[in-house]
There are 2 protein chains.
Amino acid sequence: MENKVIYGDCLNEMKNIDSNSIDLIYIDPPFFTQREHSQKTRDNSKEFKFSDKWKSLEEYLTFIKDMLIESKRILKDTGSLFLHCDKTASHRLRCLLDDVFDSDNFVNEIVWSYKRWSNGKKGLLNSHQTIYLYGKTKEFKFKRIYGDYSPTTNIDQILQDRTKDSNGKSQYKKDKEGNIVIGKEKLGVPLTDVWDIPFLNPKANERAGYPTQKPLLLLERIINICTDEGDIVLDPVCGSGTTLVASKLLKRKYIGIDISKEAIDLTKKRLENPIKTESRLLEVGIEDYKEKSETEIAILKSLDATIVQRNKGIDGFLKKYYKDKPVSIKIQKSSESLEEAKRKLIEASKTKECKLMILIKTNNVREKILDKLNQKEDDVKIINSYELDVSKILSEL
Amino acid sequence: MENKVIYGDCLNEMKNIDSNSIDLIYIDPPFFTQREHSQKTRDNSKEFKFSDKWKSLEEYLTFIKDMLIESKRILKDTGSLFLHCDKTASHRLRCLLDDVFDSDNFVNEIVWSYKRWSNGKKGLLNSHQTIYLYGKTKEFKFKRIYGDYSPTTNIDQILQDRTKDSNGKSQYKKDKEGNIVIGKEKLGVPLTDVWDIPFLNPKANERAGYPTQKPLLLLERIINICTDEGDIVLDPVCGSGTTLVASKLLKRKYIGIDISKEAIDLTKKRLENPIKTESRLLEVGIEDYKEKSETEIAILKSLDATIVQRNKGIDGFLKKYYKDKPVSIKIQKSSESLEEAKRKLIEASKTKECKLMILIKTNNVREKILDKLNQKEDDVKIINSYELDVSKILSEL
DNA sequence: TCCAGAGATGAATCCACCC
DNA sequence: GGGGTGGATTCATCTCTGG
C-alpha cells in the first residue's frame, strides 16, 4: 500500500477503501459548534477556514454516523477507532458509537486536558476535550505504556510481596524467620485515561495556521498505543495533517482525506518537512518522551544555557555570549542524523548572528559513554554529551 | 428551614419538597455498573452495601429521569444541579439532562481526575469520573474561584496590557513613545473543569467504610462555586453523607435522603462529628514530594531505574533485578562525603535483600568529567556519574 | 454459552510508629 | 517530640473458573 493524501469528500473516498484493511482510524470531525472557524498563518499570508455550521443536530449526527459505519467496515478486526470531540456533542457521538461499534467494544473515554488562556464566560474554564476509543472487536491491538510511580509511593509498596491474612486483609509477606519477602520485578504505572498534554502554543513553529490543529504529541501517543510499525493509519478529516505527520514520524503508513484543497496542500507541505516542536514522544522502546526532555534539560542546565522550547533547530542558548553574540545549542534527536541536525542548527541560527554554534551529539547517553569522537568543522562545534564543561570548550577555540 | 436527614425513597421524598426552594442539588446515583457494592468498616465491625443491579438500561434511565424532573421543579431559578457519573452511562445521562433541563442550560462537564492503584485491564487505566453541571436557568448562581498562574507563565503576560493589531492578532500594547503599558491587576487563573483531587485513601480517617464514598474536598468545591452561606443543598442519594458534611462545614443548610437505614445512621453520626482528612498532598501539592533535581532524575533515567522519593538512603532501584534481587542506587549529595553516602545506602538497603548496591559519585556533573576514580568495595559499587552503562557494570562483576 | 462468585492484583496515600 | 519511614487497606477492579 502507498501513503495517500486525498482531496475529496471523506464519505465517498472511504467507500473506495477495502474492507478489513485499516489498523487505526482517528476522526477529528467538526464539534458541532455552529460556527465558521478560521485562522491566519502567523505571517498573515494565508487564511485557513472550515465551516462547522449545520442545518440541524440530526444532519450533523447523520454525517458522523455514516462515517462511523464506513469506518467499521474498513477496519481490521484488530483495529481501533479514536473519535475526538468536545463537550458540545460528545454524548450524542458516543450514542452513535455504541450503535455502530456496539457498547461492548467501548474501551476508554480519554480526557485530553490542557491549560488555556482564560475567557470571560460564566462557569468553569473549559480545558479538556474527549477522545473515545473503541475496538472493532475484543481482539483490538493495544500496547501498554508504563510511566513513573507517584512521588508519594513508598518503595516498599513496589518491592515487597504480599499475602492475605485470615480476614482477607492484605499484608506484607514474611518468611519463616519473619523476614520480608521481595516480590518480582515491576514495570511501572500503566498510562491512565487522563492525558495532560499542552495545547499547541500559539507561537509554536509546529503551528501551521490551521484552526483546531492538534498537538503532534497527542497523535503520537494514540498511534503508539494501538499500532505497530508498518500499520496503516487513516484520518478521514485530516485538516492540517497532524495525524499523517505523526504516522510518518513513527513509520506507519497513512491515508488522509480532506474536503478542502488548502488543507490538502498544507498537509502535503507538512509531510515533506515535518516540523516537530518537542522531542520525540514515546519512542518505541523503554524511553518515553518525558525522560528524553528531562535529559535534554539536564544537559542544557549543565551548560548554563537558556532553554528554548518549540524550535526545530535550536534547543537553547548559552547564557554567556561568545564574541558579543549568542551561542546557539542543539541536541541531536534520536530521529536525526548528525548531518541533518547540523543543517537544522545552521538554518535556525541564521538570523541570530551566532559566531558559534554547539551541536551536542547524543541520541542516548549510554551509547555515547565510550564514544570519544570530537569533530571540529566550520563554526559548528560537535561535543559529546558528557563533556559538559563549556569554559573548557571555549578556551580551546 | 431545618436541616434534615431523611430515611426513605428519594423520589417520594422529593415530591414533598416545595417548588423553587433549593439552591443546589448534587446527585451521585448508582453508575449502572450492574453489580453489588459493599465495603466493611476498617475494624470489620460493620458492612455497608448497596445494589446497582437493574433489569435494563431503560429501567435505570427512567429512575434517573424521574429524579431529574423533580430536581428541576424544586430548584430555585438561581439554582444548579450537579450529576455525578462515570463512563458507564455518562452519555445516556447527559441526554436525559438535555431533555429535562434543556441543552441551553448545560454549563460544564467537570472531570474529576485522580491517581489510583492499577489493575490488569487491557486498555488505559480508568482514573476519572464525570460531573455534569446544569443551571436551572441562565441566572444560576456562580462564583469564580481563582488559582495561581502556572510557573511557566511569562511575567510579561500577566503584567502587560494588550491590543489587537490590524489583522486582529493580539499583541502587547505600547504607548506613543513605544514603551510597554502595564495592565490592570489580574485575579489569577480561573478554576478549570478538570479537577485533580486525590481519591479517598484506604487508610484515611475520613473513610467511613461506605463504598464509593467521595472526598469531602470535591463536595466542598462544588458547594463553594454555586451557593452562598445559608443556601439549601439537597443530596437525594446521600449515602455516607459527604455532601451534608461539606454543607455543614461551609454553613449551608442541607437535606439528605437515602433508602438505606445504615447509610442514614452513618450520615447522622458523621454530621455530629465531621472528620476531614488534612491531606498533606493537597496542602503542599505533588511538587513538594519531588525532592530530586533534574540532573538526578536524568541520571536515574539513563540507568533505567525506578525513582524513589522521600528516602534518605536510596534514590532509586534498577528496573532489572540482579541475582533475582533489587539493586539499590544512591546519588552522592553535595553535602555528603563519600563514606557518609555509602553508609546511608547500606543502612537503607538492609531490609531490601540487595545483592548489589550502586553509589554514584557525583556532586556535580561538570566537576566529575575528568575524574576516573572507580572503587570497588564490599557489595557497594561506586561509579562515576557519566559511566551510565549498567550492563557493562553488571558484566564486570 | 452465560453468569455468578472466587481469586489475583498492585500502587496510592494517610497513618502510626519509631528513633 | 518531630521528622522520617514503613504499614495497612482499598478497588463505581479485572480475570478466571465452574456449574
Side-chain angles (χ1 to χ4, degrees), chain A residues 138 146-165 167-174 180 183-190 192, chain B residues 28-44 48-54 60 84-90 93 112 114-123 125-131 196-215 237 239-240 275-284 286 289 291 306 308-314 344 347-348 350-352:
Chain A
K138 290 265 182 303
Y146 294 91
D148 291 335
Y149 294 92
S150 156
T152 59
T153 301
N154 189 309
I155 50 172
D156 297 316
Q157 306 299 328
I158 303 161
L159 291 179
Q160 295 188 34
D161 221 355
R162 282 148 191 281
T163 42
K164 296 240 163 114
D165 70 6
N167 284 317
K169 303 265 178 195
S170 167
Q171 56 180 209
Y172 287 126
K173 191 189 264 181
K174 296 265 166 70
I180 59 142
K184 56 179 185 295
E185 286 175 3
K186 303 291 197 304
L187 291 163
V189 182
T192 74
Chain B
D28 181 19
F31 290 176
F32 194 65
T33 55
Q34 295 289 36
R35 291 225 316 270
E36 294 275 345
H37 294 269
S38 75
Q39 193 178 304
K40 284 180 181 162
T41 52
R42 272 190 293 147
D43 57 6
N44 283 315
F48 294 101
K49 47 174 83 176
F50 72 90
S51 172
D52 184 15
K53 287 192 175 180
W54 305 83
Y60 171 72
H84 192 130
C85 53
D86 85 346
K87 62 191 168 51
T88 318
S90 55
L93 295 179
W112 170 32
Y114 46 84
K115 291 229 182 288
R116 228 195 54 178
W117 44 92
S118 58
N119 57 34
K121 188 175 143 290
K122 184 176 178 182
L125 188 63
N126 299 325
S127 59
H128 77 277
Q129 292 175 12
T130 304
I131 304 168
D196 215 331
I197 295 178
F199 201 82
L200 205 57
N201 186 277
K203 286 211 71 167
N205 281 335
E206 188 181 319
R207 188 177 273 272
Y210 198 86
T212 76
Q213 187 181 338
K214 303 291 177 296
V237 195
S240 59
I275 297 171
K276 183 177 174 185
T277 295
E278 293 303 335
S279 158
R280 174 175 144 77
L281 173 58
L282 281 172
E283 201 101 326
V284 301
I286 195 87
Y289 282 83
E291 8 182 73
T306 297
V308 168
Q309 307 279 359
R310 44 175 228 129
N311 185 298
K312 288 286 164 282
I314 297 174
K344 284 185 188 168
E347 179 63 26
K350 245 180 201 165
T351 58
K352 314 298 183 232

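First the proteins, then the strands, lettered A, B, ... as listed; each starts at 1.
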**Student:** Taking any heavy-atom pair under 4.0 Å as a contact, classify Pro211(B): base, sugar-phosphate, or nothing.
**Tutor:** nothing

**Student:** Taking atom NZ of Lys122(B) as the centre, report whether more than 12 heavy atoms of other residues, nucleotides or ligands fall under 6.0 Å from it.
**Tutor:** yes

**Student:** Does Trp112(B) reach the main-chain N or O of Ile197(B) with its side chain, forming a donor-acceptor pair under 3.5 Å?
**Tutor:** yes

**Student:** Treating Lys214(B) as the side-chain partner and Thr212(B) as the backbone partner, does any N or O pair qualify as donor plus acceptor under 3.5 Å?
**Tutor:** yes

**Student:** Whole-Å distance between dC19(C) P and Glu347(B) CD?
**Tutor:** 12 Å

**Student:** Would you mind classifying the nucleic acid contact of Tyr114(B) as base, sugar-phosphate or nothing, using non-hydrogen atoms under 4.0 angstrom?
**Tutor:** nothing

**Student:** Check the distance between dA12(D)'s P and Arg207(B)'s CZ and give it to me in whole angstrom.
**Tutor:** 9 Å

**Student:** Strictly by Watson-Crick or wobble contacts shorter than 3.5 Å, is anything paired with dA16(C), and which nucleotide is it?
**Tutor:** dT5(D)

**Student:** From C-beta outward on Asn126(B), which listed nucleotide comes closest to its side chain: dC14(C), dT10(D), dC14(D)?
**Tutor:** dC14(D)

**Student:** Whole Å only: how far is the CZ atom of Phe199(B) from the C1' atom of dG10(C)?
**Tutor:** 15 Å

**Student:** Assuming nearest nucleotide by heavy-atom distance, tell me which of Ser118(B) and Thr152(A) is located more 5' along DNA chain C.
**Tutor:** Ser118(B)

**Student:** Starting at CG of Leu200(B) and ending at C1' of dC14(C), how long is that distance when rounded to a whole Å?
**Tutor:** 10 Å

**Student:** For Phe199(B) and Tyr114(B), take the angle between the two ring planes, folded into 0 to 90°, and tell me which bin it lands in: parallel under 30, tilted 30 to 60, perpendicular over 60.
**Tutor:** tilted

**Student:** Starting from C1' on dC3(C), measure out to NZ on Lys53(B) and report it in whole angstrom.
**Tutor:** 9 Å

**Student:** Categorize Lys121(B) for me: base, sugar-phosphate, or nothing, with a 4.0 angstrom heavy-atom threshold over every strand shown.
**Tutor:** sugar-phosphate

**Student:** Can you tell me if Arg35(B) touches the phosphate of dT13(D), counting only side-chain N or O atoms and a distance under 4.0 Å to OP1 or OP2?
**Tutor:** yes

**Student:** Whole angstrom is fine here: how far is it from CD in Gln309(B) over to P in dG3(D)?
**Tutor:** 20 Å

**Student:** Please confirm whether the backbone N or O of Ala208(B) pairs with a side-chain atom of Gln213(B), one donor and one acceptor, at under 3.5 Å?
**Tutor:** yes

**Student:** Starting from the 5' end of DNA chain D, give me the residue, Ala348(B) or Pro29(B), whose nearest nucleotide shows up first.
**Tutor:** Ala348(B)

**Student:** Return the pairing partner of dA12(D) with a 3.5 Å limit on both distances, Watson-Crick or G-U wobble; otherwise return none.
**Tutor:** none

**Student:** From the options dT13(C), dA12(D), dG6(D), select the nucleotide whose nearest atom is closest to the side chain of Asn201(B).
**Tutor:** dT13(C)

**Student:** Can you find a donor-acceptor pair, distance only, under 3.5 Å between Asn205(B) side chain and dA16(C) base?
**Tutor:** no

**Student:** Counting only side-chain heavy atoms from C-beta out, which of dA11(C), dA12(D), dC14(C) sits nearest to Gln129(B)?
**Tutor:** dA12(D)

**Student:** Using Watson-Crick or G-U wobble geometry with both distances under 3.5 Å, which nucleotide pairs with dT9(C)?
**Tutor:** none

**Student:** Would you indicate which nucleotide in dA11(C), dA12(D), dC11(D) comes nearest to any side-chain atom of Phe31(B)?
**Tutor:** dA12(D)

**Student:** Could you state the CH2-P distance from Trp54(B) to dC3(C), rounded to the nearest angstrom?
**Tutor:** 19 Å

**Student:** Take the protein atom CG of Leu125(B) and the nucleotide atom P of dT10(D), then report the distance between them rounded to whole Å.
**Tutor:** 19 Å

**Student:** Among dT13(C), dT5(D), dG7(D), which nucleotide has an atom closest to any side-chain atom of Lys312(B)?
**Tutor:** dT5(D)

**Student:** Can you figure out which of dT13(C), dT10(D), dC14(C) approaches the side chain of Gln39(B) most closely?
**Tutor:** dT10(D)

**Student:** Which nucleotide sits closest to the side chain of Val189(A): dT13(D), dA11(C), dT10(D)?
**Tutor:** dA11(C)

**Student:** Out of dT9(D), dG10(C), dT13(C), which nucleotide sits closest to the side chain of Trp117(B)?
**Tutor:** dG10(C)

**Student:** Between Tyr210(B) and Thr41(B) (side chain of the first, backbone of the second, donor and acceptor by atom type, cut-off under 3.5 Å), is there such a pair?
**Tutor:** no

